[in-house]
Amino acid sequence: MPKAYRTSITTHVEGKPHVYGYDLTKLAGAKSFSAAIYLVLKGEMPGAEAEKMLDAILTISIDHGVEPASVVAARNIYSGGSPVQAAVAGGILALGEYHGGAIEAAMENFAAYQDRGPEALIADFKAKDKRVAGFGHKLYERDPRTERLIELAREFGFEGKYVELAKGVEEALRQAQGKNLPLNIDGIIAALLLEMGFDSKVGKGIFIIARTPGLVAHVVEEATRGKPVRRLSEEDVEYDGPNPRDFDN
Ligand SMILES: CC(C)(COP(=O)(O)OP(=O)(O)OC[C@H]1O[C@@H](n2cnc3c(N)ncnc32)[C@H](O)[C@@H]1OP(=O)(O)O)[C@@H](O)C(=O)NCCC(=O)NCCS
């Protein structure tokens with residue numbers, strides 16, 4: 001009779017939880033949280049350099065201000081009286097393809113165009129009039145987080161063919177669009193996760209893991225310093241619907 005689930009991630013051995021064969025009670029105190037995240041997502045313990053690279057990715061993504069859609073969503077949900085878990089979950093739901101949710105698609109693109117190169121990628125996307133995941137930013141001409149992660153990738157030995165491709169796509173996109181659409185945090189993380197041998201299906205999860213502490217902090221701040229019910233003022237809103245009118249009876 002087949003079992004309801006088949007998993008290779010976690011089991012109990014002699015009453016102790018083991019993740020991919022490692023006793024969690026021994027990992028705690030011996031390995032970092034980043035190493036444990038790498039283990040649970042990849043099934044193997046990272047080397048020292050991979051651990052530092054993933055740690056840098058997670059650290060640099062932890063928060064990015066009140067302004068992003070996910071934080072506004074989370075704080076507004078809490079201010080309406082919903083519990084912490086609903087507000088944080090609401091923030092995570094706002095991590096879509098334009099905000100924090102572009103890593104998976106960027107990984108798929110970089111993997112698919114590794115052989116054909118940046119010009120082919122841009123030509124295909126331009127022909128379909130599609131945005132290229134991992135490029136462009138509302139704030140930055142050059143994303144300082146990207147620049148720092150490239151520096152660290154060089155130091156830790158992960159500045160390989162996918163980072164080169166991502167930089168090539170940035171340049172090809174600039175030429176095709178006639179404007180600067182910088183390699184953003186999602187794009188460089190995508191290239192680095194490929195360099196580290198991750199499956200593209202971890203892409204969205206990596207950003208969720210990295211940004212959730214920031215979302216929790218914003219919700220806790222809302223809980224401890226905010227007042228119930230955030231509401232825009234009418235001055236923030238432009239109404240362009242019909243003037244008052246009567247209905248026929
Ligand atoms: C992040 C993003 C929403 C920022 O957008 P923005 O700076 O406000 O730019 P706009 O949405 O106003 O777009 C301006 C123009 O640049 C184009 N553009 C923006 N990002 C583009 C991209 N990644 N690929 C191709 N064209 C892009 C738009 O199509 C638009 O063209 P148009 O003027 O001919 O209509 C946008 O760059 C994007 O969608 N990027 C892809 C998704 C992504 O990587 N998200 C993760 C962000 S960290």
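Order of appearance sets the numbers: ligands from 1, and atoms from 1 within every ligand.
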Side chain or backbone, does [X] bring an N or O within less than 3.5 Å of an N or O on ligand 1?
X: Val132; value: yes
X: Gly134; value: yes
X: Arg131; value: yes
X: Asp186; value: no
X: Gly100; value: no

Going by an N to O cut-off under 4.0 Å, is there a salt bridge joining Lys161 and Glu195? no

- Message: Between Glu221 and Arg75 (salt bridge meaning N to carboxylate O under 4.0 Å), is one present in this structure?
- Response: yes

Note: ligand 1 atoms sitting under 4.0 Å from heavy atoms of Tyr98 are 1 (C), 39 (O), 45 (N), 46 (C), 47 (C)

One finds that the ligand 1 atoms under 4.0 Å from a non-hydrogen atom of Glu97 are 42 (C), 43 (C), 45 (N)

Got a protein heavy atom sitting under 4.0 Å from [atom]?
atom: atom 33 (O) of ligand 1; value: yes
atom: atom 40 (N) of ligand 1; value: yes
atom: atom 48 (S) of ligand 1; value: yes

Could you tell me the residue and atom name of the protein heavy atom closest to [atom], and the distance to it rounded to 0.1 Å?
atom: atom 7 (O) of ligand 1; result: His137 O, 3.6 Å
atom: atom 1 (C) of ligand 1; result: Gly136 O, 3.7 Å
atom: atom 8 (O) of ligand 1; result: Lys138 NZ, 2.6 Å
atom: atom 26 (N) of ligand 1; result: Gln177 NE2, 3.4 Å

A student comparing Thr146, Val169, Leu181, Asn180 should find that the heavy atom closest to atom 21 (C) of ligand 1 comes from Leu181

Let me confirm one number: the [atom1]-[atom2] distance from [X] to [Y], rounded to the nearest 0.5 Å.
X: Ile92; Y: Ile208; atom1: CD1; atom2: CD1; answer: 6.0 Å
X: Ile103; Y: Ile189; atom1: CD1; atom2: CD1; answer: 4.5 Å
X: Tyr20; Y: Ser8; atom1: OH; atom2: OG; answer: 4.0 Å
X: Leu54; Y: Ser32; atom1: CG; atom2: OG; answer: 8.5 Å
X: Leu149; Y: Ile57; atom1: CG; atom2: CD1; answer: 6.0 Å

Under 4.0 Å between heavy atoms, the region of Lys179 that gets near ligand 1 turns out to be side chain

Please check if the number of heavy atoms outside Phe33 that lie under 6.0 Å from its CZ is greater than 12. no

- [ ] Assess the pair His99 and His64: is the distance between their ring centroids shorter than 6.0 Å?
- [x] no

Is it possible for you to check whether Arg116 lies under 6.0 Å from the centre of the six-membered ring of Tyr113, through NZ or CZ, and within 45° of that ring's axis?
yes

